[in-house]
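Report on one structure; see the data block that follows.
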Protein chains: 2
Amino acid sequence: MKRNSRLSSTLHILVHMADAPDRALTSEQLAGFIHTNPVVVRRTIAGLREAGIVTSSRGHGGGWQLGRAPDEISLAEISAALGETLLPFSTEPESPGCLVEQAVIAVLDDFRLEAERLLAERLSHITLADLTADFRRRYDLIGVSSHAV
Amino acid sequence: MKRNSRLSSTLHILVHMADAPDRALTSEQLAGFIHTNPVVVRRTIAGLREAGIVTSSRGHGGGWQLGRAPDEISLAEISAALGETLLPFSTEPESPGCLVEQAVIAVLDDFRLEAERLLAERLSHITLADLTADFRRRYDLIGVSSHAV
DNA sequence: TTTCATGTAACTTAGTTAGTTACGAATTGC
DNA sequence: GCAATTCGTAACTAACTAAGTTACATGAAA
């Protein structure tokens, strides 16, 4: 898994899970989809389990499944469950008492608060179902073109 | 300088420069404001010079000054000149040919394009002058309270 | 009770970025 | 011209972060 690709990697995994709703997929299988290690997968999506987005079971036939219907799972939730920050910059004071720094941080924090609210709002309108639909569309297109050729 | 604080550190520096429009500040002085090294400062704001946001001069009495009026310098420009990305996640393909990944990337890139446009638009409305005004306001407040006590 | 799978801690490796050193180039003042 | 000053930049080091890996305990099913 590459850096900063936790969100897209996780979505990749979740779409595969949505595409196989009748059976549990193992960390090993999930890891295969994104070319990484089973432990990395378990670690990455552990937060999703706590958020109820996925469920996991141990032992024979165990593995991972979606915790609810794909159209009830938004990207906002997934991103939050991963502990991802939507904005990259930090604004922690480094010169306590400096009024210039305080002004900078105040303005920047205002912006960030508003921006995060806005982005989360948008992400809450995109669901896993939208992704699987997009995948399905691409899949059918390939099928059609295969027939054509 | 801490990680991911390049934007706020740079703004801190720029407000100090705006507050001393009549003279050039050396990298050494600027570094002092954010508790870092002069070379780090030069490296960090080199992009701002190319963008015309600041100018630099060498030799005796040399240093850094704003390239134009503070109300003509927006945070959007500064952020761009620093080479900062507004959104943290990457969407580079890791499994070429995988339709699931293609769907994920397509949706995520759509979102990012729109989000970046939106954030840049908002940042373009905040100028360095806004920051200096906020600083000035805080400064005056302290002054008043000092008199009161 | 054997096998399979997750849960998690601990460690290693790779990559990024700040920090540092060093020195050349340009500019000013004497 | 020459010394002092300051930026520009390359090269290196150190610190930090996150992925990758190993190991093993826990739990569930055949």
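Chain identifiers are assigned alphabetically (A, B, ...) following the order of the sequence lines, protein sequences preceding nucleic acid strands; residue numbering begins at 1 within each chain. The structure displayed is predicted, hence computed values, not measured ones.
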Exercise. Determine whether Asp110(B) and Ile126(A) make a side-chain contact, defined as any pair of heavy atoms from C-beta on separated by less than 4.5 Å.
Key: no
Quiz item: What integer distance in Å separates Leu30(B):CG from dC7(D):P?
Solution: 8 Å
Quiz item: Among dC7(D), dA11(D), dT21(C), which nucleotide sits nearest the side chain of Arg43(B)?
Solution: dA11(D)
Exercise. Could you tell me the separation between the CG atom of Leu25(A) and the C1' atom of dT6(C), rounded to a whole number of Å?
Key: 14 Å
Quiz prompt | Between dT16(C) (P) and Glu84(B) (CD): distance, integer Å | solution = 16 Å
Quiz item: Within the pair Ser27(B) and dT6(D), is there a side-chain N or O less than 4.0 Å away from OP1 or OP2?
Solution: no
Could you list the donor-acceptor pairs under 3.5 angstrom formed by side chains in residues 51-73 of chain B, with sequence neighbours left out?
residue, atom, partner, partner atom, Å
Trp64(B), NE1, Ser27(B), OG, 3.1
Gln65(B), NE2, Pro21(B), O, 3.3
Arg68(B), NH1, Glu72(B), O, 2.7
Arg68(B), NH1, Glu77(B), OE1, 3.4
Arg68(B), NH1, Glu77(B), OE2, 3.2
Arg68(B), NH2, Ala51(B), O, 3.4
Arg68(B), NH2, Glu77(B), OE2, 2.9

Quiz item: Is Arg137(B) salt-bridged to Asp140(B), going by a charged N under 4.0 Å from an acidic O?
Solution: no
Would you tabulate the nitrogen or oxygen pairs shorter than 3.5 Å linking the protein to nucleotides 23-26 of chain C?
residue, atom, partner, partner atom, Å
dA25(C), N3, Arg58(B), NH1, 3.4
dA26(C), O4', Arg58(B), NH1, 2.6

Quiz item: Out of dT21(C), dA9(C), dG8(D), which nucleotide sits closest to the side chain of Ser56(B)?
Solution: dG8(D)
Exercise. Starting from the 5' end of DNA chain D, give me the residue, Glu50(B) or Ser5(A), whose nearest nucleotide shows up first.
Key: Glu50(B)
Exercise. Provide, to the nearest angstrom, the distance between the CZ atom belonging to Arg23(B) and the P atom belonging to dT28(C).
Key: 19 Å
Quiz item: Rounded to whole angstroms, how far apart are CZ on Phe89(B) and P on dA18(D)?
Solution: 17 Å
Exercise. To the nearest Å, give me how far apart CD1 (Ile45(B)) and P (dT6(D)) are.
Key: 15 Å
Quiz prompt | Glu28(A) CD to dT6(C) P, straight-line distance once rounded to whole Å | solution = 8 Å
Exercise. Give every residue pair that meets the ring-ring contact (aromatic ring centres under 6.0 Å, His included) criterion with at least one member in residues 8-49 of chain B, sequence neighbours excluded.
Key: His12(B)-His16(B), His16(B)-Phe33(B)
Exercise. Check every atom of dG7(C), dA9(C), dA19(D) against the side chain of Met1(A) and return the nucleotide holding the closest atom.
Key: dA19(D)
Self-check item: Among dT21(C), dT6(C), dA23(D), the one nearest Trp64(A) by side-chain distance
Solution: dT6(C)
Quiz item: Any side-chain heavy atom of Leu118(B) sitting closer than 4.5 Å to one from Glu114(B)?
Solution: yes
Quiz item: dC7(D), dT21(D), dG8(D): which one has an atom nearest the side-chain heavy atoms of Arg49(B)?
Solution: dG8(D)
Practice problem: Verify the contact: side-chain N or O of Thr36(B) to OP1 or OP2 of dG19(C), cut-off strictly under 4.0 Å; return yes or no. | Solution: yes
Quiz item: Would you say the side chain of Leu30(A) lies within less than 4.5 Å of the side chain of Met17(A), judging by non-hydrogen atoms?
Solution: yes
Quiz item: Is there a path from Leu131(A) to Leu119(A) through hydrophobic residues (I, L, V, M, F, W, Y) whose side chains come within less than 4.5 Å of each other?
Solution: yes
Exercise. Quickly work out the Gln29(A) CD to dA5(C) P distance and round it to whole Å.
Key: 8 Å
